[in-house]
Enquirer: 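This is the structure I have questions about; it appears just below.
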Amino acid sequence: MDVLKAPLADTVTELDCSLMADVMAIMDAGAWRWPQHQAIQRDPSCLALLGLTPETLDEMSWLARVHPDDMGRVAEAFAACLHGHDALRLDYRILHHDGHYIRLDERASRMANGDLLGMVRRCRHAQAAEPQGTDPLTGLESRRDFEQRLGERLSQGGAFCLLQLTVDHRAKILQLFGEADCDAMLAKLARIVRHELRKDDPFARWDDDTFILMLPGIERLDALEIAERLRLEIADASLLPERPVTISIGLVQHQPGEQIDHLLARLASCHGQARQEHNQVVG
């Protein structure tokens, strides 16, 4: 094994560019470039992540394949780059050619010539890697723990409602105020919402800018009143200097016999509609 002990200075060499496709395949990754004033140019390695080839492509865009619950956040992030933001970091779900959703991690940085250079990688172990316990930024439950409690609630039966809420225009806020202030804003928002809920109401951070909560024993009309109160409370709070912060809320009531996938799909639909309208409650 002496070959492994060779000094680094003796082993560094510039690899042949023809090997990059093989490297991307090993990493489950794809590369892309976004020239100024042009469309994003995705390498065929990006297609491979979705089980596609140049021959199997259709008219569906990359963004159109993104999960409806993630589409607004992804579109906002890319729009911020279009207006001068120098970096991109996203985690989202996208439709695979086989008909199921996979999770991707996408990152990009602006080069000296003004173009964006990006890489997207498949997160095969995203679910296993999700933290248990509490979210480190907000102190709320993790997504995985919330899903576990939701499953337990479904097995117990009884009425309950789910609310999913997202900060409007977070990509713009991130561009104007920076990551530190944006994180502080999310932590304050979580504390305000937590204060308005009952002690045992499950409340979790769902992803970067989205939260989810459960209202056991609450019917839809009462849940709509609670959601509207939360929306107004956040709009009146001073979460950022000289800029109001608003939230969009989707709401559903569990139907007898409804399975978790169908319930969350209905919630995602209401949440997506609320995000399109901004500062609204839809349910």
Side-chain angles (χ1 to χ4, degrees), residues 24 27-32 34 40 42-43 45-51 61-82 85-97 100-110 116-148 164-175 178-180 182-187 189-190 204-212 247-248 250 261 264-265 267-268 271-272 275:
M24 287 295 178
M27 294 178 62
D28 249 354
W32 55 267
W34 193 358
I40 297 177
R42 291 192 178 271
D43 186 81
S45 55
C46 294
L47 304 182
L49 295 175
L50 308 186
S61 69
W62 186 275
L63 182 62
R65 298 174 188 274
V66 174
H67 191 284
D69 199 30
D70 298 337
M71 189 179 294
R73 176 167 55 86
V74 173
E76 285 185 6
F78 275 98
C81 291
L82 189 62
H85 199 57
D86 290 332
L88 175 78
R89 183 169 182 175
L90 283 170
D91 177 286
Y92 60 92
R93 291 159 293 177
I94 193 167
L95 187 64
H96 191 273
H97 187 55
H100 63 282
Y101 283 96
I102 61 173
R103 187 172 290 275
L104 299 180
D105 176 49
E106 189 155 29
R107 306 185 186 194
S109 183
R110 196 171 300 280
L116 276 175
L117 183 64
M119 184 185 79
V120 57
R121 184 177 182 184
R122 183 169 180 177
C123 306
R124 288 192 177 273
H125 306 295
Q127 183 174 1
E130 287 178 357
Q132 299 188 37
T134 58
D135 173 62
L137 175 64
T138 63
L140 300 178
E141 295 178 44
S142 69
R143 176 172 178 161
R144 187 172 183 178
D145 281 4
F146 185 92
E147 289 177 334
Q148 181 177 342
Q164 195 166 28
L165 60 96
T166 298
V167 175
D168 296 324
H169 312 294
R170 182 174 180 266
K172 184 65 175 178
I173 292 173
L174 186 61
Q175 181 182 1
E179 187 173 357
C182 193
D183 284 350
M185 176 268 295
L186 290 174
L189 184 151
R205 188 179 183 191
W206 195 245
D207 58 29
D208 284 348
D209 59 351
T210 301
F211 300 86
I212 189 168
I247 57 174
S248 297
D261 290 345
L264 291 177
L267 180 63
H271 181 233
R275 292 190 65 169

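FYI, the numbering just counts along the sequence from 1. Keep in mind the model is a prediction, meaning the values are calculated, not measured.
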Enquirer: Tell me every residue that passes side-chain hydrogen bond (donor to acceptor under 3.5 Å, both in side chains) with R110, counting only those two or more places apart in sequence or in another chain.
Expert: D86
Enquirer: Taking only residues two or more places apart in sequence or in another chain, which ones pass side chain to side chain contact (heavy atoms under 4.5 Å, CB included) with L63?
Expert: S61, V66, M71, V74, A75
Enquirer: Taking salt bridge (charged side-chain N to carboxylate O under 4.0 Å, His left out) as the test, write out the residues that go with E76, two or more places apart.
Expert: none
Enquirer: I'd like to know whether D91 forms a salt bridge (Lys or Arg N to Asp or Glu O under 4.0 Å) with R103, so could you lay out the CA-CA distance, the side-chain angles of the two residues, the decisive distance to 0.1 Å, and finally the verdict.
Expert: CA-CA 7 Å; D91 177 286; R103 187 172 290 275; 2.4 Å; yes
Enquirer: Taking salt bridge (charged side-chain N to carboxylate O under 4.0 Å, His left out) as the test, write out the residues that go with R65, two or more places apart.
Expert: D58
Enquirer: side-chain hydrogen bond (donor to acceptor under 3.5 Å, both in side chains) with R107: which residues, sequence neighbours excluded?
Expert: D105
Enquirer: For T138, check side chain to side chain contact (heavy atoms under 4.5 Å, CB included) against everything at least two apart and list the hits.
Expert: D135, L140, A190, R205, F211
Enquirer: Can you sort out the partners of D70 under side-chain hydrogen bond (donor to acceptor under 3.5 Å, both in side chains), two or more places apart, ordered by chain and number?
Expert: R73, R93
Enquirer: Just jot down the side-chain hydrogen bond (donor to acceptor under 3.5 Å, both in side chains) partners of S248, sequence neighbours excluded, or say none.
Expert: D168
Enquirer: D207 vs Y92, test: side chain to side chain contact (heavy atoms under 4.5 Å, CB included). Steps then yes/no.
Expert: CA-CA 9 Å; D207 58 29; Y92 60 92; over 6 Å; no
Enquirer: L88: what forms a side chain to side chain contact (heavy atoms under 4.5 Å, CB included) with it, not counting sequence neighbours?
Expert: W32, A77, F78, C81, L90, E106, A108
Enquirer: So, using ring pair (Phe, Tyr, Trp, His ring centres under 6.0 Å) as the criterion, who are the partners of H169 when residues are at least two apart?
Expert: H278
Enquirer: Under the side chain to side chain contact (heavy atoms under 4.5 Å, CB included) test, which residues partner A180, sequence neighbours left out?
Expert: none
